[in-house]
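We name chains A, B, ... by the order of the sequence lines, and we start the count at 1 in each one. Because the structure is a prediction, the values reported are computed rather than measured.
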2 protein chains.
Amino acid sequence: MTRQSATASRELEHPARDAVRLEHVLHALSDPVRLSVVRRLADGPPEQACSSFDLPVSKSTCTHHFRVLRESGVINQVYRGTAKMNALRDTDLDVLFPGLLTAVLAAARAQDGREAG
Amino acid sequence: MTRQSATASRELEHPARDAVRLEHVLHALSDPVRLSVVRRLADGPPEQACSSFDLPVSKSTCTHHFRVLRESGVINQVYRGTAKMNALRDTDLDVLFPGLLTAVLAAARAQDGREAG
DNA sequence: GTCGTACTACGATGGTTATCGTACGACCAC
DNA sequence: GTGGTCGTACGATAACCATCGTAGTACGAC
């Protein structure tokens with residue numbers, strides 16, 4: 001019956017490194033919710049479950065934002081039991097666009113600092 | 001009659017440096033047409049007229065894109081006779097988000113190089 | 001004044017996006 | 001098996017965005 005394991009059937013599509021486009025990455029990062037996700041991935045553990053983010057949006061919107069990040073090549077997602085783990089594709093991004101992610105993260109931090117005073 | 005010169009009355013609104021938001025800048029740069037404008041401003045003379053860009057869109061769309069760039073704080077626009085001159089706000093951006101513009105421009109060049117092979 | 005160039009304002013349109021709620025599927029623990 | 005948690009799929013909606021064409025203003029040259 002070509003019955004593969006349920007987990008294996010839940011593989012997620014990711015763009016290959018060379019297929020990642022700068023415009024898509026910038027667009028993905030231009031949304032506050034998504035940028036906050038990327039910042040938490042950069043600052044915290046390398047793999048974090050969707051549910052651990054506590055975003056100010058509904059679950060379905062959450063799913064949407066994580067998909068945008070994945071399809072733009074910013075994050076990698078894998079299923080781990082019931083959880084879906086997210087990891088920054090920082091090495092891929094750094095090969096493609098050296099220094100870009102670092103600069104964006106630093107910019108976000110700088111802006112935060114300015115707002116906090 | 002408090003009649004100022006017509007040119008002076010055509011002042012354009014720009015966000016103050018501290019009002020520039022990272023999300024808006026990233027969004028402005030995430031459009032291919034706008035990114036190409038920014039690249040030409042970075043590579044060419046510091047002030048360039050809208051008409052000198054020869055973009056693959058209509059004049060009204062052109063106006064729209066330049067406005068997005070201005071309102072996000074990426075470029076400065078001034079009238080100079082009938083022409084509207086555009087300049088990158090690179091020093092402002094570099095104060096706010098050090099290295100960001102450089103990284104984006106380098107990324108755009110890298111992507112171009114990859115496509116050209 | 002007229003004419004041409006540069007650009008804008010307005011209105012429309014079609015496509016994309018962010019958002020949600022509900023219903024469902026996959027997994028783990030029991 | 002049951003139940004709970006985590007996330008998805010679907011459908012809907014409202015907002016946004018890129019695009020255009022037309023009509024118009026501002027300026028410089030004549």
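- OP1 or OP2 of C:dT19 lies within a sub-4.0 Å distance of a side-chain N or O belonging to A:His65.
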Working for salt bridge (charged side-chain N to carboxylate O under 4.0 Å, His left out), residues B:Arg70 and B:Glu13: CA-CA 8 Å; B:Arg70 171 169 47 86; B:Glu13 295 236 333; over 6 Å; no
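- Between A:Val74 and A:Leu88 there is a side-chain heavy-atom pair separated by less than 4.5 Å.
- No donor-acceptor contact under 3.5 Å links the side chain of B:Thr82 to the base of D:dG28.
- Residue B:His27 places no side-chain N or O under 4.0 Å from the OP1 or OP2 atom of D:dC16.
- Within residues 31-52 of chain A, the residues having any heavy atom closer than 4.0 Å to DNA chain C are, in order of number, A:Asp31, A:Arg34.
- To the nearest angstrom, P of D:dA18 lies 11 Å from CZ of B:Arg67.
- Considering only side-chain N and O atoms, B:Ser58 lies under 4.0 angstrom from the phosphate OP1 or OP2 of D:dC20.
- We find the OG-CZ distance between A:Ser36 and A:Phe53 to be 8.0 Å, quoted to the nearest 0.5 Å.
- If you check D:dC30 for Watson-Crick or wobble pairing at under 3.5 angstrom, you find it paired to C:dG1.
- At a threshold of 4.5 Å between non-hydrogen side-chain atoms, the residues A:His64 and A:Val68 count as touching.
- Applying the 4.0 Å criterion to OP1 and OP2 of D:dC27, one finds that B:Arg80 has every side-chain N and O outside that range.
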